Amino acid sequence: QVQLVESGGGSVQAGGSLRLSCTASGYTYSSPCMAWFRQAPGKEREGVAAIDSDGTTSYADSVKGRFTISRDNAKNTLYLQMNSLKPEDTAMYYCAADLWARALVTPLYPNEYAYWGQGTQVTVSS
């Protein structure tokens with residue numbers, strides 16, 4: 001079955017950087033639409049960054065210029081490079097995938113994705 005496993009979370013001071021990874025398995029499609037979401041306690045899950053089959057990316061306004069989504073299709077791995085981290089970036093970060101569409105109408109909406117990882121915690125202290 002399809003599995004998404006995130007890694008790379010941790011604790012960092014404001015202004016620091018982290019790189020999250022999401023390793024996918026259990027499917028043959030080489031370039032699915034994938035995304036990173038985050039959820040802080042008491043808040044709704046929000047889309048952070050997405051990449052479609054052709055490599056087109058989308059970002060939430062709150063992370064533009066600071067976060068970069070990328071993928072290595074040979075390794076079936078999705079990345080999220082997070083720079084200039086802020087305390088408000090503290091959340092559980094989730095990887096998500098859609099295996100059918102080449103592009104999604106609303107790539108930062110969670111309902112677009114059928115497969116989810118278990119999450120990795122990112123904590124940014126001031």
Side-chain angles (χ1 to χ4, degrees):
Q1 71 273 23
V2 176
Q3 283 193 317
L4 304 174
V5 180
E6 301 96 334
S7 61
S11 297
V12 65
Q13 288 194 326
S17 298
L18 284 172
R19 189 176 83 154
L20 306 183
S21 299
C22 170
T23 301
S25 62
Y27 61 86
T28 56
Y29 186 29
S30 61
S31 298
C33 295
M34 300 188 74
W36 288 98
F37 289 79
R38 66 186 181 188
Q39 188 166 19
K43 294 189 176 181
E44 291 186 354
R45 189 168 295 191
E46 65 169 339
V48 174
I51 186 167
D52 71 13
S53 298
D54 296 327
T56 300
T57 57
S58 303
Y59 293 94
D61 288 342
S62 59
V63 306
K64 281 180 181 176
R66 301 189 298 122
F67 291 11
T68 302
I69 189 171
S70 62
R71 69 198 305 165
D72 184 333
N73 290 334
K75 296 181 179 180
N76 280 349
T77 301
L78 180 74
Y79 301 101
L80 184 68
Q81 178 67 44
M82 304 186 295
N83 299 327
S84 302
L85 282 161
K86 304 175 181 180
E88 51 263 44
D89 295 318
T90 295
M92 185 71 78
Y93 282 71
Y94 299 91
C95 170
D98 171 88
L99 302 184
W100 298 277
R102 292 194 59 80
L104 300 172
V105 175
T106 50
L108 295 179
Y109 277 74
N111 289 347
E112 293 274 22
Y113 299 90
Y115 299 99
W116 292 83
Q118 294 299 306
T120 185
Q121 178 68 37
V122 171
T123 303
V124 184
S125 57
S126 57

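Treat the numbers as computed from the prediction; the structure is a model and nothing was measured.
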Tyr109 and Val48: same hydrophobic cluster, using ILVMFWY side-chain contacts below 4.5 Å?
no
In the hydrophobic cluster built from side-chain contacts under 4.5 Å, what are the other members alongside Val105?
none
Please report the interatomic distance CE(Met34) to OG(Ser70), rounded to the nearest 0.5 Å.
11.5 Å
Is there a side-chain contact between Leu78 and Ile69 in this structure, where contact means two heavy atoms from C-beta onward sitting under 4.5 Å apart?
yes
Nearest-0.5 Å distance, OH of residue Tyr79 to CG of residue Asp72:
5.0 Å
Taking C-beta and beyond as the side chain, do Met82 and Asp89 meet within less than 4.5 Å on heavy atoms?
no
Looking at OG of Ser17 and CZ of Phe67, how far apart are the two atoms once the value is rounded to the nearest 0.5 Å?
9.5 Å
So how far is it from Arg71 CZ to Thr57 OG1, rounded to the nearest 0.5 Å?
11.5 Å
Any donor-acceptor pair under 3.5 Å from Trp116 side chain to Leu4 backbone
no
Are Tyr93 and Val63 joined in one hydrophobic group, where the rule is that I, L, V, M, F, W and Y side chains link up if heavy atoms are under 4.5 Å apart?
yes
Does any non-hydrogen side-chain atom of Leu108 lie less than 4.5 Å from one of Tyr59?
no
Value for OG1 (Thr56) from CD1 (Ile51), rounded to nearest 0.5 Å, stands at 8.0 Å
Counting N and O atoms only, with roles assigned by atom type, does the side chain of Ser53 sit under 3.5 Å from a partner on the main chain of Arg102, one being a donor and the other an acceptor?
yes
Could you list the residues that satisfy ring pair (Phe, Tyr, Trp, His ring centres under 6.0 Å) with Tyr113, not counting sequence neighbours?
Phe37
Looking at Gly119, is its backbone amide N or carbonyl O close enough to the side chain of Glu6 to form a donor-acceptor pair, meaning the two atoms are under 3.5 Å apart?
yes
Side chain proximity check, Glu112 to Pro107, heavy atoms < 4.5 angstrom
no
Looking at CD of Gln118 and CD of Gln3, how far apart are the two atoms once the value is rounded to the nearest 0.5 Å?
9.5 Å
Is there a donor-acceptor pair closer than 3.5 Å between any side-chain N or O of Thr90 and the backbone N or O of Val124?
yes
Side-chain touch Ser21/Lys75, heavy atoms, less than 4.5 angstrom:
no
